[in-house]
Protein chains: 2
Amino acid sequence: MIIEFKVYCSYPQSFGDLFPYLRKSHYLISMFFHFRNKFPRLNVYWDKYLEFQQRLDVPAKTILLDEGKISQNYIYIEKGCVRSYFNKNGEDKTVQFFFEEEGLSSLESFVNNLPSQFTIETIEPSVIYLLPKQYVAQLIAELSNEADFTQMILYMSAQRQTHYINEFVSFIRDTPEERYQHLLQERPHIVQRVPQHYIASYLGVSTVHLSRIKSKLAKGKTRF
Amino acid sequence: MIIEFKVYCSYPQSFGDLFPYLRKSHYLISMFFHFRNKFPRLNVYWDKYLEFQQRLDVPAKTILLDEGKISQNYIYIEKGCVRSYFNKNGEDKTVQFFFEEEGLSSLESFVNNLPSQFTIETIEPSVIYLLPKQYVAQLIAELSNEADFTQMILYMSAQRQTHYINEFVSFIRDTPEERYQHLLQERPHIVQRVPQHYIASYLGVSTVHLSRIKSKLAKGKTRF
DNA sequence: TCGGGACGATAACATATGTTATCAACTTCA
DNA sequence: TGAAGTTGATAACATATGTTATCGTCCCGA
């Protein structure tokens, strides 16, 4: 088993060639960082690789990765927030938001050297760390010696899969108004920190309609 | 690493208690079956456990698992097709379709002994195999001795995660008409075999509107 | 500090989609 | 074979949502 992962130690140009079974499991790498605070043991590795990371102190609306380009770095957010989006018919469609202590990359692009489907851009002025690909490979090789390695992977991938299933089911089940209310209840920090027009496209509605939804909910509340 | 998985050999009543890191990775079990044809090596195990399986020859609209009840069996489809759905305000909302040589369970329910969020029901007359929980646990324990075990898990979970991300993004990006056309192009067998009103709720529209979409597309085609 | 851009509310109108009802074709089953 | 259920098309109307335009506020950089 461990031998399988030792292969990753050779610091490849293209990760894809080294993941014979994993060409599509791009999200794997993301998860170590994304959940690192849930597995404090990982912090040792994080600290060790700190010297290889580039620290960026960037303003809002800084593009960290352009749609169509190939991801070269893993991105970790120390301060601020970030969104991923794509362009459809000249219009931004926001897919996801990321905040402090979360990590991300355009994962298929990162692992397989493919053009990214998404643009990654800061929303607020942010402090970002970039870890180049080859060090990520090295980190994974080291992590594979951790006894809990496989269980961590499973736990993390399960978390993410549950998340995406719920997002998907919500579109079948709920009206835009209901989706907005769920967002308010379950992830209020998004509504508080993210400009409304990004939230609109994330909910799948126009900015005008989200404004209407808010207005309607406000009227409901002021009844007594 | 392998020691971690040996734990699973004790044939528990509740899987949840035995997956300390995996309470939410219910989908794990599903994947062995779902992708078994992509990993022919698994067929040995499948055959070995055949004697513990219950064969059902059932008509259409047979409920295999009721929303709100706890899943006791892994479900494998030899012939026919099946959908999973939930009820919202008295109305069925179809989430997913399954066909020959695919396996499923209401996964959170199955692993953690929780009430299922979804009902599972045959669409066509079908031949179904049910494998009770305790044998699934046993099977997983055996599989953990396979060298490719971890890589299989990763490959499979990546497949499923990619699928759900694409479903989710499609709702942000595409109109119902575009989603129907994608279905026609990418999974035409669904459109061919599944009654239209199930497809409508899967696409997130009313039956009437799906009918309109089809009619509009038909008119477009007959132009010359 | 001034001016432009980003953000958000709102109105008016257009289009998309839902709801209800009706009808026809086709199954299924007693 | 006949009756009842299932499936799907269509019409008429209601509601939801998109589009375009206008306005006001706020923020930030020259």
Side-chain angles (χ1 to χ4, degrees), chain A residues 58-63 80-81 83 85 88-94 97 121-126 171-181 183-184 190-222, chain B residues 58-63 80-81 83 85 88-94 97 121-126 171-181 183-184 190-222:
Chain A
V58 295
K61 301 206 176 190
T62 302
I63 289 180
C81 65
R83 71 186 178 116
Y85 65 92
K88 162 141 192 186
N89 302 333
E91 205 178 346
D92 278 4
K93 301 282 184 176
T94 298
F97 302 104
E121 185 185 88
T122 55
I123 294 173
E124 302 173 354
S126 303
F171 274 96
I172 296 175
R173 184 187 54 213
D174 304 326
T175 64
E177 181 177 328
E178 289 168 325
R179 284 204 299 285
Y180 179 68
Q181 285 184 303
L183 204 65
L184 274 177
I190 292 182
V191 181
Q192 287 159 13
R193 288 177 65 177
V194 172
Q196 193 168 309
H197 56 288
Y198 297 153
I199 293 178
S201 75
Y202 171 71
L203 294 175
V205 300
S206 67
T207 59
V208 176
H209 193 62
L210 178 54
S211 207
R212 275 196 285 246
I213 288 170
K214 283 184 66 175
S215 156
K216 182 184 166 191
L217 292 177
K219 280 177 193 165
K221 275 185 188 170
T222 52
Chain B
V58 295
K61 300 206 175 188
T62 302
I63 290 179
C81 65
R83 71 188 179 114
Y85 66 92
K88 162 141 193 188
N89 302 333
E91 206 178 346
D92 279 3
K93 301 284 185 175
T94 298
F97 303 104
E121 183 186 87
T122 55
I123 294 174
E124 302 173 354
S126 302
F171 273 96
I172 296 175
R173 184 187 54 211
D174 303 327
T175 64
E177 180 175 329
E178 289 168 324
R179 284 203 301 283
Y180 180 69
Q181 286 185 302
L183 204 63
L184 273 176
I190 292 182
V191 181
Q192 287 158 15
R193 288 178 65 177
V194 172
Q196 194 169 306
H197 54 288
Y198 297 153
I199 293 177
S201 75
Y202 171 72
L203 294 175
V205 300
S206 68
T207 58
V208 176
H209 193 60
L210 178 54
S211 208
R212 274 195 287 246
I213 288 170
K214 283 183 65 175
S215 156
K216 181 183 166 192
L217 293 177
K219 280 177 192 163
K221 274 184 187 170
T222 52

Practice problem: Using only heavy-atom distances, decide whether a donor-acceptor pair under 3.5 angstrom links the side-chain of R212(B) to the base of dG18(C). | Solution: yes

Below the 4.0 Å mark, does [N] have OP1 or OP2 next to a side-chain nitrogen or oxygen of [X]?
{"X": "Q196(B)", "N": "dT6(D)", "result": "no"}
{"X": "S215(B)", "N": "dT10(D)", "result": "yes"}
{"X": "K61(A)", "N": "dG5(C)", "result": "no"}
{"X": "K214(B)", "N": "dG8(D)", "result": "no"}
{"X": "K216(A)", "N": "dA9(C)", "result": "no"}
{"X": "H197(B)", "N": "dT6(D)", "result": "no"}

Return the value, rounded to whole Å, for the distance between atom [atom1] of [X] and atom [atom2] of [N].
{"X": "L210(B)", "N": "dA9(D)", "atom1": "CG", "atom2": "P", "answer": "8 Å"}
{"X": "L217(B)", "N": "dG8(D)", "atom1": "CG", "atom2": "P", "answer": "16 Å"}
{"X": "L203(B)", "N": "dA16(C)", "atom1": "CG", "atom2": "C1'", "answer": "15 Å"}
{"X": "I123(A)", "N": "dA6(C)", "atom1": "CD1", "atom2": "P", "answer": "16 Å"}
{"X": "E124(A)", "N": "dC28(D)", "atom1": "CD", "atom2": "C1'", "answer": "16 Å"}
{"X": "H209(A)", "N": "dG18(D)", "atom1": "NE2", "atom2": "P", "answer": "6 Å"}
{"X": "F171(B)", "N": "dT17(D)", "atom1": "CZ", "atom2": "P", "answer": "14 Å"}
{"X": "D92(A)", "N": "dC7(C)", "atom1": "CG", "atom2": "P", "answer": "11 Å"}

Practice problem: Starting from the C-alpha separation in whole Å, work towards a yes-or-no answer on side chain to side chain contact (heavy atoms under 4.5 Å, CB included) for R193(B) and I123(B). | Solution: CA-CA 9 Å; R193(B) 288 178 65 177; I123(B) 294 174; over 6 Å; no

Self-check item: Inter-end axis angle, the helix from dT1(C)-dA30(D) to dA30(C)-dT1(D), with every axis fitted to five base pairs (rounded, 10 degrees)
Solution: 40°

Practice problem: Evaluate side chain to side chain contact (heavy atoms under 4.5 Å, CB included) for V194(A) paired with R83(A), printing each intermediate quantity in order. | Solution: CA-CA 9 Å; V194(A) 172; R83(A) 71 186 178 116; over 6 Å; no

Quiz prompt | Among F97(A), Y180(A), F171(A), the one residue meeting ring pair (Phe, Tyr, Trp, His ring centres under 6.0 Å) with Y202(A) | solution = F97(A)

Quiz item: Should K61(A) and E121(A) count as an ion pair when the cut-off is N to O under 4.0 Å?
Solution: no

Practice problem: Please figure out whether V208(A) or P176(A) has its closest DNA chain D nucleotide nearer the 5' end. | Solution: P176(A)

Exercise. Select from P195(B) and I213(A) the residue whose nearest nucleotide in DNA chain D is closer to the 5' end of that strand.
Key: P195(B)

Quiz item: OG1 of T175(B) to CD1 of I213(B): how many Å apart, nearest 0.5 Å?
Solution: 7.0 Å

Quiz item: What's the spacing between D174(A) CG and K88(B) NZ if we round to 0.5 Å?
Solution: 4.5 Å

Quiz item: Where is the tightest heavy-atom contact between P176(A) and V205(A), given as atom of each residue plus distance?
Solution: CB-CG1, 3.4 Å

